[in-house]
Amino acid sequence: MKIWTALLNAAVLFTRIAAQEPLTTTVRHGTVIATLHAEGAQLYECMPDAGKSQSEVRALTWQFREPIATLIMDGKSIGRHYAGPNWEHIDGSAVKGKVIASAPGATPNDISWLTIDVVDRRGNGILSDATTVQRINTKGGAAQGSCKTEGSYLSMPYSADYVFLRGNG
C-alpha cells in the first residue's frame, strides 16, 4: 500500500511540474463543497511604494486594490467575487476570508495561488459550511512595472478556480 501511495504522489508531482503548475499553497484536509470558476479582473491603483519611509522619495508602483469577478459553474453565472475577499452565491450564501498562505502562479503574469480561511458567513446555502477557500489554476491578473500617475487605476483580466472546503473536524 505504501508503495502505491508513493507512486501516486510522485505521478501527481511529475504531472504538475510537467504542466508548469505551482504546487498547492498548503495541504488542507476537508471535503470539497464546490469548485467555482472565476472570470474577472484584478484592480490595481498607482501609489507610492509602501516599502520606503515617508521621508524618502518613493517610486510609484501598481498596488493591489481589489478583485471583481463572476463565479461560473457548468457555464452559468452563479455568483460574484469581490473585495474582502468575499464570495456570494445566487442561493444567498456568502463567505468572507483571510489569506493565510500563498504560492507563486505558474508564470510571472499569473496571480498567486492562495489558501484562505473563512472568517465570516452569511445566509444559508452551498457556501454556508465552508471553512477554507483555495484559489488555484490562476491565469493572468498580475500587474507589472511602475506607473506614472498617482491615483490612476489598472484592470488586469484574470481567471482562477476557487475550491470551497468544509473541515473534517
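The structure displayed is predicted, hence computed values, not measured ones. Counting begins at 1 with the first residue of the sequence.
- Residues Thr35 and Tyr162 are not in side-chain contact: their nearest non-hydrogen atoms beyond the backbone lie 4.5 Å or more apart.
- Annotation: side chain of Glu150 is in contact with side chain of Pro48 (closest heavy-atom distance under 4.5 Å).
- With a 4.5 Å cut-off on side-chain heavy atoms, Asn137 and Trp113 count as touching.
- For the residue pair Asp161 and Gln134, no side-chain donor N or O sits within less than 3.5 Å of a side-chain acceptor on the partner.
- Phe164 places a side-chain heavy atom less than 4.5 Å from the side chain of Val95.
- Tyr82 and Glu88 share a side-chain donor-acceptor pair at under 3.5 Å.
- Judged by distance alone, the side chain of Arg166 and the main-chain N or O of Asp129 form no donor-acceptor pair under 3.5 Å.
- A distance of 5.5 Å separates OG1 of Thr138 from CD1 of Ile111, quoted to the nearest 0.5 Å.
- Of the possible polar contacts, one joining the Thr131 side chain to the Gly167 backbone as a donor-acceptor pair under 3.5 Å is found.
- In terms of heavy-atom proximity, Asp110 sits nearest to Lys139 at OD1-CA, 3.3 Å.
- What you find for Trp62 and Ser146 is that their closest heavy atoms are NE1-O, 3.6 Å.
- Note that the NE2 atom of His37 and the CG atom of Asp74 stand 12.5 Å from one another [nearest 0.5 Å].
- The nearest pair of heavy atoms linking Ala142 to Pro108 is CB-O, 3.5 Å.
- Without hydrogens or angle criteria, Arg135 side chain to Ser112 main chain gives a donor-acceptor distance under 3.5 Å.
- Rounded to the nearest 0.5 angstrom, Leu60 CG and Thr149 OG1 are separated by 8.0 Å.
- Across all their heavy atoms, Ala83 and Glu66 have their closest contact at CB-CB, 3.7 Å.
- Applying the disulfide bond (SG atoms under 2.5 Å apart) test to pairs two or more places apart or on separate chains, none has a residue in residues 68-113.
- A chain of hydrophobic side-chain contacts below 4.5 Å, direct or via other Ile, Leu, Val, Met, Phe, Trp or Tyr residues, connects Val133 to Val99.
- Minimum interatomic distance between Ser93 and Ser128 (heavy atoms only, all atoms of both residues): CB-OG, 3.8 Å.
- Looking only at side-chain heavy atoms (C-beta outward), Val118 and Thr132 stay at 4.5 Å or farther from each other.
- Around atom CG of Asn124, no more than 12 heavy atoms belonging to other residues, nucleotides or ligands sit under 6.0 Å away.
- No donor-acceptor distance shorter than 3.5 angstrom exists from the side chain of His89 to the backbone of Leu127, with no hydrogens or angles considered.
- A distance of 13.0 Å separates CZ in Arg65 from SG in Cys46, rounded to the nearest 0.5 Å.
- Tyr158 is listed as a side-chain neighbour of Gln42, based on a closest heavy-atom distance under 4.5 Å.
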Item to complete: In sequence, state the C-alpha distance, the side-chain angles, and the governing distance for His81 and Ile68, and then conclude on side-chain contact (heavy atoms from CB on, under 4.5 Å).
Response: CA-CA 6 Å; His81 169 49; Ile68 186 70; over 6 Å; no

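- Remark: side-chain polar atoms of Asp91 are paired, donor with acceptor, to backbone N or O of Ile126 under 3.5 angstrom.
- Contact check for Val163 versus Val32: side-chain heavy atoms found under the 4.5 Å cut-off.
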Practice prompt. Please test Gln63 against Asp49 for side-chain hydrogen bond (donor to acceptor under 3.5 Å, both in side chains), starting from the C-alpha separation and ending with a verdict.
Written response: CA-CA 8 Å; Gln63 296 183 33; Asp49 186 1; 5.1 Å; no

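- Trp87 and Met73 fall within a single hydrophobic cluster, where Ile, Leu, Val, Met, Phe, Trp and Tyr are joined by side-chain heavy atoms under 4.5 Å apart, directly or via other members.
- Residues Glu45 and Tyr153 form a side-chain contact, since some pair of their non-hydrogen atoms from C-beta on lies under 4.5 Å apart.
- Residue Ser152 holds its OG atom at 11.0 Å from CE of Met47, rounded to the nearest 0.5 Å.
- Distance CG/Leu165 to OG1/Thr115: 9.0 Å, rounded to 0.5 Å.
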